[in-house]
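Each chain gets a letter, A, B and so on, in the order the sequences are listed, and its residues count up from 1.
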Amino acid sequence: MADDGKVTWTGKVARQTTPAAIASAQGASLPDDLVCARFNGRLADLQEPLIGNGTLEWVFCDSPDGLEVIRHSLAHVLAQAVMGLWSQSQLALGPATEEGFYYDFDSPRTFQTADLERIERAMAEIIHEDLRIQREDWSLSDARACFTSPYKRELLDGLVPDADQGTVTVYRQGSFVDLCRGPHVSRTGRLRPCAFKLLSAAGAYWRGDENRPMLQRIYGAAFAAPEELDDFLARREEAIRRDHRRLGQELDLFSVRSEAPGFPFFHPKGMVLRQALERFWREEHLRRGYLEVQTPVLLREELWHTSGHMQYFQDNMYFSAVEGDRYALKPMNCPGGMVLFKRRLHSYRDLPLRLAELGLVHRHERSGTLHGLMRARCFTQDDAHIFMTPEQIQGEIEDVLELIDHVYSAVFGFSYHVELSTKPDKAMGEPDIWDMATEALAEAMRAKGMSYQIHEGEGAFYGPKIDFHLRDSLGRTWQCGTIQLDFLLPERFQLQYIGRDGQRHRPIMLHRVLFGSLERFLAILTEHFAGAFPTWMAPVQVMVIPVYTRSLDYAQQTVRFLNSRQIRAEADDRPQKMGYKIRDAQTQRIPYMLIVGDREEEQQTVSVRRRQEELGRRTKDEFAAMLTEEIEKRRRPETALAGLSETK
RNA sequence: GCUGGCGUGGCUCAGGGGUAGAGCAGUCGAUUCGUAAUCGACAGGCCGGGGGUUCGAAUCCCCCCGCCAGCUCCA
């Protein structure tokens with residue numbers, strides 16, 4: 001057997017032959033990193049009797065499948081450890097996850113952070129004992145008799161037992177027995193080279209249903225090697241350092257206060273970021289034939305009946321009553337766009353009509369879901385509603401796809417993937433309309449040669465959508481842009497245009513956002529750049545730092561010079577040493593520092609420091625020209641990791 | 001919303017029945033210094049809010065509010 005995982009074995013398998021036996025027959029002892037086997041495409045334990053002929057592949061711990069099995073086995077070790085410590089606990093479920101594993105318990109013990117360490121030690125002991133992990137086939141009735149936990153019972157009831165044998169698989173390690181599909185590593189000692197760490201304990205609903213009991217879930221991270229776990233933990237630490245709520249505080253960008261939970265306040269510096277983003281957004285849209293509009297935030301309730309929001313979105317809406325009239329705060333911009341389209345009769349010559357709006361929407365979000373700017377109760381959608389004829393659908397979708405690609409890839413340097421979200425359970429309109437709209441979106445993506453995944457049942461209530469998920473510098477993905485094709489709202493609002501034939505026709509509408517939410521996009525950028533924004537966005541682009549107090553006049557003169565060239569520059573006039581001010585500017589992620597002392601003043605130059613890098617002396621004109629170009633081209637830092645958060 | 005944890009000066013945190021502390025930031029003064037923290041003084045808090053227990057509560061108990069993690073939900 002080779003250790004590269006590619007070696008396969010093909011042949012007739014006698015009943016009761018196991019992968020382990022085959023490996024032994026090949027004359028090798030089982031290597032430590034062999035996790036399990038894949039027999040005819042299905043994962044199997046090393047000790048599992050194989051049935052029929054087929055191809056056997058070895059699965060090692062460095063493969064995705066191998067790692068998943070290891071994590072799953074660790075979940076069992078966790079369960080065994082918890083049962084050993086608190087035997088009154090009942091087991092629910094414990095699968096592998098993206099980075100590790102978890103197990104859900106119903107336990108009289110409320111797990112505390114301090115317990116995690118204790119559990120970890122118990123787990124290490126179980127691994128040290130090198131218990132055999134035994135797979136067993138049980139009859140359904142035996143299983144029912146053994147597993148008294150209501151959760152296991154429910155799982156048993158949901159299982160369709162093998163039609164002939166009526167058996168379920170059970171795994172045993174020492175005194176611990178768990179109902180499980182498997183596969184698992186053959187002995188707990190096989191987990192020894194792996195690295196794991198228990199991360200947290202928190203509540204989780206049984207089967208993810210908020211109407212069912214809440215269990216306690218213990219999360220762990222696990223990797224095949226200690227270095228990978230270290231990497232993972234380091235990435236987690238970095239994510240905490242970059243958290244936009246923390247940077248929002250440190251860089252004085254925004255805050256959410258208890259006076260308005262979920263409704264963010266933007267500070268002057270945060271406002272500069274917003275405006276930079278908005279200016280950029282307007283440029284891109286005006287260039288592409290969009291017209292900007294603004295629709296009211298508060299509209300009469302009647303309108304929301306027409307749009308279907310009262311029926312499908314009411315739980316997320318805020319209401320108000322004045323002079324006996326009932327109003328709703330808009331949770332979406334589309335109905336306002338509809339009203340605008342209807343303000344007069346349109347000709348086919350007006351189409352496509354692209355109405356763009358930076359619209360502030362309000363949605364009631366449950367308190368536990370709020371998360372800084374990422375999840376707020378009001379946010380600005382960078383919306384557009386494109387009204388068009390059927391023939392224009394394809395071209396319009398393609399144009400939006402291009403716009404989004406330009407902004408994500410070229411300007412911000414994000415990679416992204418695309419999903420097509422289809423009809424949800426709670427949806428308005430007929431299935432054939434949905435099919436038509438979904439197909440049109442798919443067709444546009446095919447025409448552009450884009451690959452996409454299907455996201456079943458995740459569409460909006462009025463139409464299917466294309467979702468854009470971008471990947472940030474820490475490898476996390478965020479849903480931002482969407483394109484939604486809507487045949488229903490134009491119908492409900494009875495939109496019309498006069499066609500070339502002189503007859504009235506119904507337009508079709510495209511909803512789309514690019515950033516999704518301006519606030520959330522800013523949060524993503526904050527974390528992606530670790531607060532070290534590209535110069536064109538930076539709240540303060542240049543900090544002029546006088547070396548001596550006597551240099552302050554020259555520093556202020558330099559600031560005025562830069563301000564007159566539309567550069568956001570400030571002078572640090574505090575009576576502090578230069579190093580102090582440099583450190584401060586660095587901490588504030590200001591992209592450029594200009595050091596000015598006697599030498600600079602004499603020659604009318606500035607000493608340029610770009611973040612940590614000294615660029616030497618330039619004339620003021622040279623520096624301004626260089627910066628203006630960088631700003632106008634909206635150049636971004638070499639890597640998003642530039643100017644990191646740590647203190648030297 | 002649910003489960004658990006947490007709320008002490010602008011920020012980060014110590015104190016856990018005897019009446020409030022540090023560092024940073026701020027103000028004032030001294031220091032004139034060349035690429036990541038100069039020194040000193042001063043000022044700043046009804047210890048999230050409301051009830052209760054107690055001679056006495058930041059500290060113990062109850063109820064609210066907010067924040068954090070996870071679940072559920074989502075741009």
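Nearest heavy-atom pair, Ala532(A) versus Arg589(A), reported as atom, atom and distance to 0.1 Å: CA-CB, 3.9 Å.
Tyr548(A) contributes a side-chain N or O that forms a donor-acceptor pair with the base of G34(B) under 3.5 Å. Residue side chain Arg583(A) does not reach the base of U35(B) through any donor-acceptor N/O pair under 3.5 Å, judged by distance alone.
A residue-by-residue look at Pro261(A) and Arg520(A) shows that Pro261(A) has its nearest nucleotide of RNA chain B further toward the 5' end.
If you measure from atom CZ of Arg212(A) to atom C1' of C71(B), you get 15 Å, rounded to the nearest angstrom. Distance Leu518(A) CG to A75(B) P: 16 Å, rounded to the nearest Å. Distance CD (Glu259(A)) to P (G7(B)): 20 Å, rounded to an integer number of Å. Regarding Phe379(A), its CZ atom lies at a distance of 12 Å from the P atom of C74(B), rounded to whole Å.
Comparing C71(B), A69(B), U38(B) by their nearest atom to the side chain of Tyr580(A) picks out U38(B). The side chain of Glu210(A) has G1(B) as its nearest neighbour among G1(B), A75(B), G34(B). Side-chain proximity of Ile582(A) to A36(B), G4(B), G34(B): nearest is A36(B).
With a cut-off of 3.5 Å on both Watson-Crick or G-U wobble distances, the partner of C71(B) is given as G1(B).
The phosphate of A36(B) has OP1 or OP2 within less than 4.0 Å of a side-chain N or O from Arg609(A).
Between the side chains of Glu630(A) and Tyr592(A), at least one donor N or O lies within less than 3.5 Å of an accepting N or O.
Remark: Arg520(A) is not positioned above the aromatic ring of Phe379(A), lacking an NZ or CZ atom under 6.0 angstrom from the ring centre and at most 45 degrees off the axis.
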